Student: 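For reference, the structure I am asking about is given below.
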Amino acid sequence: MRYIIKNNSINNYTQLYNEIIHNCKCNLEVLGFATLLLSKPPDWNINPYGLMKELKIGKDRVLRLLSALEKNGYIYKLTNVQFAKKGEQKVFYYMFDCKELLKETFPEGALESTSQLPLIAPLPTSSDMDIPHVDIPDVDTPQLEYAAYTNKDITKTISNQENINKKNTKLTIREFISSVVDEKTAANILNANPNLTLEEFQNIYKRILLEYKKNFCKDINAGLVLAVSGRWKFRTQVSDESSNVSDDEKTRRVVVGNYNYYLSYFKEIGSCNPKEILQKFQKDCTKYDANIVDIYTEKLKKELGI
């Protein structure tokens with residue numbers, strides 16, 4: 001007599017790795033949530049707002065479930081600050097059915113959780129801790145439409161990685177400074193202004209190069225050290241350099257920037273509507289030269305498969 005009866009169909013089913021089943025069995029809600037995520041197609045974008053609508057639960061509960069899986073090595077959370085600039089989704093979740101696969105894919109972050117949310121319950125535990133099924137209504141949830149196996153939401157999401165972003169920015173500053181000056185000068189620059197940001201240094205570097213070009217600065221390295229410490233009096237303006245760039249070139253740079261942004265966003269999301277991406281690109285480029293915009297519109301259409 002069989003007590004566990006399975007459908008023999010070879011289509012429309014989800015194959016689960018036993019590891020995640022046994023590790024999550026002490027918390028059936030987390031196991032059910034993990035099963036739902038693993039049942040989605042590989043290009044299905046994990047978005048908290050989409051899950052709230054599909055599961056009819058509150059934002060707090062969704063974030064806690066995601067946090068539980070992240071803390072226990074089945075979800076990796078990555079923040080893409082580039083997309084946040086235009087108000088798009090910036091926090092991306094990657095779901096794995098085994099911990100080793102996550103460590104192989106993201107070795108730099110597999111040993112340290114980025115979540116700052118408390119867990120629903122530790123996984124696994126010796127005691128069976130039930131989670132109360134109480135949701136806090138989210139009145140600000142946007143009314144978005146989702147088709148089956150599709151998640152097109154590109155709204156703002158919650159970032160819990162401010163400290164990590166600052167750490168990564170510091171590392172980027174060191175790399176950038178080292179790429180333009182020698183090691184000794186790089187050390188002097190960082191000592192002169194330990195709180196220097198990447199954007200600040202890039203602006204200073206651009207202006208010192210202009211000072212050198214106009215013969216107001218005899219040594220670029222010395223000028224940089226003085227400038228980052230606030231002891232250099234600039235005689236030129238950034239506008240002096242930009243005035244040499246034609247209007248067509250300025251337009252092209254903006255349009256190319258928008259083109260690269262939306263192409264990168266499409267490749268990251270995967271399951272979003274290509275026509276919506278194209279419309280956003282065209283909307284951002286309405287005030288620029290139509291001939292240049294048309295060229296990159298056709299290029300974007302080709303990349304989007306339209």
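Just so we're clear, the structure is a prediction, and the values are computed from it rather than from any experiment.
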Student: Y94 vs Y76 aromatic rings, parallel, tilted or perpendicular, using cut-offs 30° and 60°?
Tutor: tilted

Student: Start with the C-alpha distance between L78 and V91, add both sets of side-chain angles, then the distance that settles side-chain contact (heavy atoms from CB on, under 4.5 Å), and finish with yes or no.
Tutor: CA-CA 6 Å; L78 184 65; V91 180; over 6 Å; no

Student: What distance separates T286 OG1 from Y288 OH, expressed to the nearest 0.5 Å?
Tutor: 8.5 Å

Student: So how far is it from Y93 OH to I46 CD1, rounded to the nearest 0.5 Å?
Tutor: 9.0 Å

Student: Kindly determine whether K59 and L63 satisfy side-chain contact (heavy atoms from CB on, under 4.5 Å), including the steps that lead there.
Tutor: CA-CA 6 Å; K59 178 170 62 178; L63 293 178; 3.9 Å; yes

Student: Would one find more than 12 heavy atoms of other residues, nucleotides or ligands at under 6.0 Å from atom CZ of F234?
Tutor: yes

Student: Is there side-chain contact between L65 and L51, with at least one heavy-atom pair below 4.5 Å?
Tutor: no

Student: Does the pair E211 and K233 meet the rule for a salt bridge (Lys or Arg N to Asp or Glu O under 4.0 Å), with working shown?
Tutor: CA-CA 10 Å; E211 295 275 291; K233 185 177 180 179; over 6 Å; no

Student: Stepwise, does the side-chain contact (heavy atoms from CB on, under 4.5 Å) test hold for I220 with V181?
Tutor: CA-CA 9 Å; I220 294 177; V181 298; 5.7 Å; no

Student: Could you tell me the separation between the CD atom of E303 and the CD1 atom of I277, rounded to the nearest 0.5 Å?
Tutor: 13.5 Å

Student: Taking all non-hydrogen atoms of both residues, which atom of L102 and which atom of G73 are closest, and how far apart?
Tutor: CD1-O, 3.5 Å

Student: Can you confirm whether L101 sits close enough to E104 that some side-chain heavy atom of one is under 4.5 Å from a side-chain heavy atom of the other?
Tutor: yes

Student: Examine I208 and F216 and state if one hydrophobic cluster contains both, with Ile, Leu, Val, Met, Phe, Trp and Tyr joined whenever side-chain heavy atoms are less than 4.5 Å apart.
Tutor: no

Student: Run the side-chain contact (heavy atoms from CB on, under 4.5 Å) check on M95 and L69 step by step: do they pass?
Tutor: CA-CA 9 Å; M95 178 72 194; L69 291 173; 4.1 Å; yes

Student: Are W232 and V225 close enough that some pair of their side-chain heavy atoms sits under 4.5 Å apart?
Tutor: no

Student: Quick check: closest heavy atoms across A227 and I204, and the distance to 0.1 Å?
Tutor: CB-CG2, 3.5 Å

Student: Shortest non-hydrogen contact from P48 to L66?
Tutor: CG-CD1, 4.1 Å

Student: Do L16 and V30 land in one hydrophobic cluster if side-chain heavy atoms of ILVMFWY residues count as linked below 4.5 Å?
Tutor: yes

Student: Please assess E19 against Y74 for the test side-chain hydrogen bond (donor to acceptor under 3.5 Å, both in side chains), listing each intermediate value before the final yes or no.
Tutor: CA-CA 11 Å; E19 175 197 306; Y74 294 107; 3.0 Å; yes

Student: Within a strict 4.5 Å, meaning less than it, do heavy atoms of the L36 and E54 side chains meet?
Tutor: yes

Student: Between D182 and T185, does the side-chain hydrogen bond (donor to acceptor under 3.5 Å, both in side chains) criterion hold? Intermediate values first, please.
Tutor: CA-CA 5 Å; D182 58 69; T185 304; 2.9 Å; yes

Student: Determine the minimum heavy-atom distance between N258 and C285, stating which atoms define it.
Tutor: ND2-SG, 3.5 Å

Student: For the hydrophobic clusters of this structure (ILVMFWY residues joined by side-chain heavy atoms under 4.5 Å, transitively), does one cluster hold both I21 and I75?
Tutor: yes

Student: By salt bridge (Lys or Arg N to Asp or Glu O under 4.0 Å), which residues pair with K301, not counting sequence neighbours?
Tutor: E298

Student: So, Y296 versus Y259, ring centres under 6.0 angstrom or not?
Tutor: yes

Student: If we only count heavy atoms from C-beta on, is the N221 to K184 side-chain gap below 4.5 Å?
Tutor: no

Student: What distance separates N193 CG from L224 CG, expressed to the nearest 0.5 Å?
Tutor: 12.5 Å

Student: What distance do N260 atom CG and F281 atom CZ have between them, rounded to the nearest 0.5 Å?
Tutor: 9.5 Å

Student: Look up atom CZ in R252 and atom CD1 in I295, then write down how far apart they are to the nearest 0.5 Å.
Tutor: 10.0 Å

Student: Angle between ring planes, F201 versus Y205, binned at 30° and 60°: parallel, tilted or perpendicular?
Tutor: parallel

Student: Whether D284 and K280 form a salt bridge (side-chain N of Lys/Arg under 4.0 Å from carboxylate O of Asp/Glu) is what I want to check.
Tutor: no

Student: If you take all heavy atoms of L278 and I306, which pair is closest and at what distance?
Tutor: CD2-CD1, 4.0 Å

Student: When you measure from the side chain of N47 to the backbone N and O of Y49, does any donor-acceptor pair fall under 3.5 Å?
Tutor: yes

Student: Can V256 be reached from I292 by stepping across I, L, V, M, F, W or Y side chains whose heavy atoms are under 4.5 Å apart?
Tutor: yes

Student: Judged by atom type as modelled, is there a donor-acceptor pair below 3.5 Å linking the side chain of S67 to the main-chain atoms of R64?
Tutor: no

Student: How close do T251 and D289 get, counting heavy atoms only, and between which atoms?
Tutor: CG2-N, 3.7 Å

